[in-house]
Undergrad: 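Before I ask anything, here is the structure I am working with.
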Amino acid sequence: METICIPVPLAAITIFRKKILSWYKLHKRVLPWRDTGNPYHVLISEYMLQQTQVARVMPFFLRWIEKYPDLTSLAKSKQGDVLALWNGLGYNSRAIRLRESAIKIVNGHNAIIPSDYNTLKKLPGIGDYMASSIPAFAYNKTLPVIDINIRRVLIAEFQLPPDIPNESLKPLALSCIPKNKSAMWHNALMDYGAAMAMTVKKSIPPLTKQSRFTGSFRQVRGKIIKLLIEKGKMSLNGLQASINDARLEKALEALLDEKLVFRKGTTYRL
DNA sequence: CTCCAGGCTG
DNA sequence: CAGCCCGGAG
C-alpha cells in the first residue's frame, strides 16, 4: 500500500493538539452517545451518522435505544419493526445491516461488540471509517479515524492538497493522537471540523459526490417504504394508486431484491 | 443548488 | 474507478 509521506515537524503537531483541545474545552458538543461507556451506543450512532448530520440523528438515536436498549434486544427484533423505527433517517439499508450485525455479534462474538479493525470490517455496513471509529470511540483505541470533518481539519491545518487520499492522511492522523486520549481527541476533531466556516468546507470538498435526490429512483423507494409502514401491507394496485410514478414497479423490484420488502401472496409488506 | 461521523455493488 | 443509496436543512 503506497502512501505519500507527509513531513510534519513534531512542534507543529504539538501546536495543533493544543489548539484543538483548548477549542474543544469551550465548544464541546453534548451528545447522547458520548461518554456513556456503552459500545452499543457507539455502534448505533455510527450507523445512523453515516452521511447524516448530528442534529438529525439525535431524536432517532434516543427513540432507538428506548425500544432496543441493548444488542440482544436488537438481535431479537423483527426487520419490519426496525425499518419502521428507522424511517425518516434515510438510507434504509443501514437499518438492515445494523440489525444483521447485531445478530452476528450476538451469535458469533458472545454479544460483545468487537474492538479491532479487521473483525469489525467484516460486519455488514461497516467500512474503513466505522472499523476505525468504533475501536476509537467505544474502546479508546489509538488508531486513525478519518471522516469528512477530520479530513478537512487535517488538510486545512497542514496545508495539504484537497484531493489527498485518506490512506495518505492516516500516518499523520495517527501521529497527532494524544496518548491514551483517542476517543476524546477524535470527538474534538469532529466538533472542530463540524464548526468550520462553510467557505473552508467548500474549499475542501468530499472525495465523492452525491447524486440528486429530487426526482431520483430512490425517492420512489422511500415513498414505498413509508406507505408500507402506514398501511401494514398493500397490493400493487394500492401502491400504484398512491404513488403515481412510472418507475414504481422497478423500484419495488429493487426493494424485493434487497429484501427490504417482501411479497406475501398478492400483497407487499416490510 | 450543496451539505452530511459512509458503504456497497458492478 | 462510477454510480447508487435517503432526506432534511442551509
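Proteins come first, then strands; the chains are lettered A, B, ... in the order of their sequence lines, and each starts at number 1. The shown structure was predicted, so the numbers you read here are calculated from the model rather than taken from an experiment.
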Undergrad: Does the side chain of A/E249 come within less than 4.5 Å of A/Q240's, by heavy atoms?
TA: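 Answer yes - side chains close enough.
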Undergrad: Answer with base, sugar-phosphate or nothing: what part of the nucleic acid does A/V54 contact at a heavy-atom distance below 4.0 Å?
TA: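 Since a base atom lies under 4.0 Å of A/V54, the category is base.
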Undergrad: Need to verify one output field. Residue with the more 5' nearest nucleotide on DNA chain B, A/A194 or A/I126?
TA: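 Per heavy-atom nearest nucleotide, the more 5' residue is A/A194.
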Undergrad: Would you indicate what A/G193 reaches in the nucleic acid, counting non-hydrogen atoms under 4.0 angstrom: base, sugar-phosphate, or nothing?
TA: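 Touches nothing.
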Undergrad: Rounding to an integer number of Å, can you tell me how far A/I204 CD1 sits from B/dC4 P?
TA: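 Answer to the nearest Å: 11 Å.
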Undergrad: Roughly how far apart, to the nearest Å, are B/dT2 and C/dC4 at atom P?
TA: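 Roughly 16 Å separates the two P atoms.
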Undergrad: B/dC8 P sits how many Å from A/K259 NZ, rounded?
TA: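 Distance check: A/K259 NZ to B/dC8 P gives 18 Å.
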Undergrad: For the residue pair A/Q50 and A/Y129, confirm or rule out a side-chain donor-acceptor distance under 3.5 Å.
TA: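 No.
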Undergrad: Which one, C/dG7, C/dC5, B/dT2, comes nearest to the side chain of A/N87?
TA: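 Looking only at side-chain atoms, A/N87 lies closest to C/dG7.
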Undergrad: Using a 4.0 Å heavy-atom cut-off across all strands, classify A/W33 as base, sugar-phosphate, or nothing.
TA: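 Answer is base: heavy atoms of A/W33 come under 4.0 Å of a base.
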Undergrad: Confirm from the modelled atom types if A/Q210 and B/dG6 form a donor-acceptor pair under 3.5 Å, side chain to base only.
TA: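 Result: at least one qualifying N/O pair found.
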Undergrad: In terms of side-chain heavy atoms, does A/D147 have a donor or acceptor partner in A/N149 at a distance below 3.5 Å?
TA: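 Their side chains do contain a donor-acceptor pair, which is all the 3.5 Å distance test asks for.
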Undergrad: Can you measure A/I225 atom CD1 to C/dG7 atom C1' for me and round it to whole angstrom units?
TA: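 Value for this atom pair: 14 Å.
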Undergrad: Mind checking whether A/F16 and A/W185 have ring centres under 6.0 Å apart?
TA: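 So the answer is yes for these two rings.
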Undergrad: Hey, does A/L31 reach any base, or is it just sugar-phosphate, or nothing, if we go heavy atoms under 4.0 Å?
TA: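 The residue A/L31 makes base contact.
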Undergrad: As a test of reading the structure: which of B/dC8, C/dC5, B/dA5 is closest to the side chain of A/F137, going by heavy atoms?
TA: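 Side chain of A/F137 sits closest to B/dA5.
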Undergrad: Given the structure, check if the side chain of A/Q51 and the base of C/dG7 hold any donor-acceptor pair shorter than 3.5 Å.
TA: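 No such pair is found, so the answer is no.
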Undergrad: What's the OH-P distance between A/Y91 and B/dG6, to the nearest Å?
TA: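 Rounded to the whole Å, the gap is 10 Å.
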Undergrad: For C/dG10 and B/dA5, measure between their P atoms and round to the nearest Å.
TA: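 Each nucleotide's P atom is 14 Å from the other's.
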Undergrad: Heavy atoms under 4.0 Å, any strand shown: does A/G127 hit a base, just sugar-phosphate, or nothing?
TA: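 The answer is sugar-phosphate, as A/G127 gets under 4.0 Å only of primed atoms, P, OP1 or OP2.
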Undergrad: For a quick check, tell me whether the side chain of A/R94 and the base of B/dG7 share a donor-acceptor pair closer than 3.5 Å.
TA: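 Side chain to base: no pair below 3.5 Å.
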Undergrad: Can you find a heavy atom in the side chain of A/I229 that is under 4.5 Å from one in the side chain of A/I225?
TA: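 Of all side-chain heavy-atom pairs linking A/I225 with A/I229, at least one is under 4.5 Å.
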Undergrad: Among C/dG7, B/dC3, B/dA5, which nucleotide sits nearest the side chain of A/P206?
TA: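 So the nucleotide nearest the side chain must be B/dC3.
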Undergrad: So if I take every side-chain heavy atom of A/S211 and compare against B/dC4, B/dA5, C/dC4, which nucleotide ends up nearest?
TA: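 Shortest atom-to-atom distance from the side chain points to C/dC4.
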Undergrad: Tell me: CD1 of A/I134 to P of B/dG7, nearest whole Å?
TA: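 The answer, rounded to whole Å, is 9 Å.
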Undergrad: Using the closest heavy atom to pick a nucleotide of DNA chain C for each, name whichever of A/N92 or A/M198 lands nearer the 5' end.
TA: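 The residue closer to the strand's 5' end, by nearest nucleotide, is A/N92.
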Undergrad: So what does A/M48 touch, heavy atoms closer than 4.0 Å: a base, only the sugar-phosphate, or nothing?
TA: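 The answer is nothing, as A/M48 stays clear of every strand by at least 4.0 Å.
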Undergrad: Any side-chain N or O of A/R221 less than 4.0 Å from the OP1 or OP2 oxygen of C/dC6?
TA: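 Checking C/dC6 against A/R221, a side-chain N or O does come within under 4.0 Å of OP1 or OP2.
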Undergrad: Please examine the side chains of A/N187 and A/Y24, heavy atoms only from C-beta on, and report whether any two atoms are closer than 4.5 Å.
TA: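 With C-beta onward as the side chain, the pair touches.
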Undergrad: So do A/W86 and A/L98 actually touch side chain to side chain, heavy atoms under 4.5 Å?
TA: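 In short, these two side chains touch, coming nearer than 4.5 Å.
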Undergrad: Tell me: CD1 of A/I148 to P of B/dG7, nearest whole Å?
TA: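 One finds 13 Å between P of B/dG7 and CD1 of A/I148, rounded.
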Undergrad: Take the protein atom CG of A/L89 and the nucleotide atom C1' of B/dG6, then report the distance between them rounded to whole Å.
TA: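 In whole Å, B/dG6 C1' and A/L89 CG are 14 Å from each other.
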Undergrad: Determine the Euclidean distance between corresponding C1' atoms of C/dC6 and B/dC3; express it in Å to zero decimal places.
TA: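 B/dC3 and C/dC6 have their C1' atoms separated by 14 Å.
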Undergrad: Base, sugar-phosphate, or nothing for A/R34, non-hydrogen atoms under 4.0 angstrom?
TA: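 Touches a base.
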Undergrad: Between the base of B/dA5 and the side chain of A/R29, is there any donor-acceptor pair under 3.5 Å?
TA: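 Donor-acceptor pair under 3.5 Å: yes.
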Undergrad: Tell me the interatomic distance from A/Y129, atom OH, to B/dG6, atom P, rounded to whole angstroms.
TA: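 It is 6 Å, rounded to the nearest whole Å.
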